[in-house]
Amino acid sequence: MPATLEGRCHCGAITLAFSTTRRPADTAPRACDCSFCRAHRAAWVSDADAQLIIHAHRPELLRRYRQGSFAAQFLLCGDCGVLVAVVFEEESHAYAAVNVGCLDTRDAFAPVVAVSPQALGPDQKTARWRQVWIRDVRVMA
């Protein structure tokens, strides 16, 4: 039975619902070692079989930022600056991962593990995202 983990940016302009069958205690967030993720202290969780709904209550505050390979978009709040998710879009399909720091249950997760996606080539990186990121993604702005 899926559990819905809720989260938000600090000011509440962006909320999200991450529905997964994975238990937080058994899920280790992945901390990317790129300078952007390190600056935001981001650690990512995903589940290919999960669902993610992101709702921008104030659409003008939903900021999209691309860096590195420019393949993925980081979703941030333009008011409080919180990084909530990363999305990769391909042929009208979206894949995503959630920044565990914006989830209400952030402290219930297993210890963070370091990962280095920069070591992967562009095709390897997107293949990995297709494999492990959330496949049922809706961004409502």
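The two residues Phe109 and Thr27 have their closest heavy-atom pair at CD2-O, 3.5 Å. Contact between Val113 and Ala28 at its shortest, heavy atoms only, is CG1-CB, 4.0 Å. When all heavy atoms are compared, the tightest approach of Leu76 to Gly81 is CD2-O, 3.9 Å. The shortest non-hydrogen separation linking Ala72 to Val86 is CB-CG2, 3.6 Å. Arg38 and Asp33 get closest at one heavy-atom pair: CD-O, 3.2 Å. When all heavy atoms of Ala141 and Leu62 are compared, the closest pair comes out as CB-CD2, 4.4 Å.
By the side chain to side chain contact (heavy atoms under 4.5 Å, CB included) test, Thr15 is found to be paired with Arg8, His55, His57, residues two or more places apart in sequence or in another chain being considered. Listed by chain and number, the residues in a side chain to side chain donor-acceptor pair (under 3.5 Å) with Glu6 amount to none (sequence neighbours excluded). Evaluation of the side chain to side chain donor-acceptor pair (under 3.5 Å) rule for Arg22 yields no partner, not counting sequence neighbours. Qualifying ring pair (Phe, Tyr, Trp, His ring centres under 6.0 Å) partners for Phe74, counting only residues two or more places apart in sequence or in other chains: Phe36. Ala13 is linked by a side chain to side chain contact (heavy atoms under 4.5 Å, CB included) to Cys9, Cys11, Arg58, Leu61, Cys77, counting only residues two or more places apart in sequence or in another chain. Residues satisfying the side chain to side chain donor-acceptor pair (under 3.5 Å) criterion with Arg23, sequence neighbours excluded, are Asp26. Residues satisfying the side chain to side chain donor-acceptor pair (under 3.5 Å) criterion with Thr105, sequence neighbours excluded, are absent altogether.
Side-chain atoms of Asn99 and Val84, non-hydrogen and from C-beta on, never get closer than 4.5 Å to each other. A heavy-atom distance below 4.5 Å is found between the side chains of Leu75 and Ile54.
Atom CZ of Arg63 and atom CG of Leu83 lie 14.0 Å apart (nearest 0.5 Å). Distance CD1/Ile134 to OG/Ser19: 9.5 Å, rounded to 0.5 Å.
Hydrophobic clustering (ILVMFWY, side-chain heavy atoms < 4.5 Å, transitive): Val98 and Tyr65 are in distinct clusters. Cluster annotation: Tyr95 and Leu52 are assigned to distinct hydrophobic clusters (Ile/Leu/Val/Met/Phe/Trp/Tyr, side-chain heavy-atom contacts under 4.5 Å, transitive). Clustering ILVMFWY residues whenever any of their side-chain heavy atoms sit less than 4.5 angstrom apart, transitively, puts Val87 in a cluster other than the one holding Val115.
Under a 4.5 Å side-chain heavy-atom cut-off, the cluster of Ile, Leu, Val, Met, Phe, Trp and Tyr residues that includes Met140 is completed by Ile53.
Listed by first then second residue, pairs satisfying side chain to side chain donor-acceptor pair (under 3.5 Å) with a partner in residues 40-50 read Thr20-Asp47, Arg30-Ser46, not counting sequence neighbours. Here salt bridge (Lys or Arg N to Asp or Glu O under 4.0 Å) pairs that include residues 82-102, with residues two or more places apart or in two chains, are Glu90-Arg130. The salt bridge (Lys or Arg N to Asp or Glu O under 4.0 Å) pairs that include a residue from residues 109-124 number zero, where partners must be two or more places apart or lie in different chains. Applying the side chain to side chain donor-acceptor pair (under 3.5 Å) test to every pair with at least one member in residues 132-141, sequence neighbours left out, gives these pairs: Gln51-Asp136.
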Next on the checklist: For a ring pair (Phe, Tyr, Trp, His ring centres under 6.0 Å) check, start with the C-alpha distance between Trp129 and Phe88, then their side-chain angles and the critical distance, and finish with the verdict.
Outcome noted: CA-CA 8 Å; Trp129 295 343; Phe88 166 61; 5.2 Å; yes
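A 6.0 Å sphere centred on NE2 of His93 holds more than 12 heavy atoms belonging to other residues, nucleotides or ligands.
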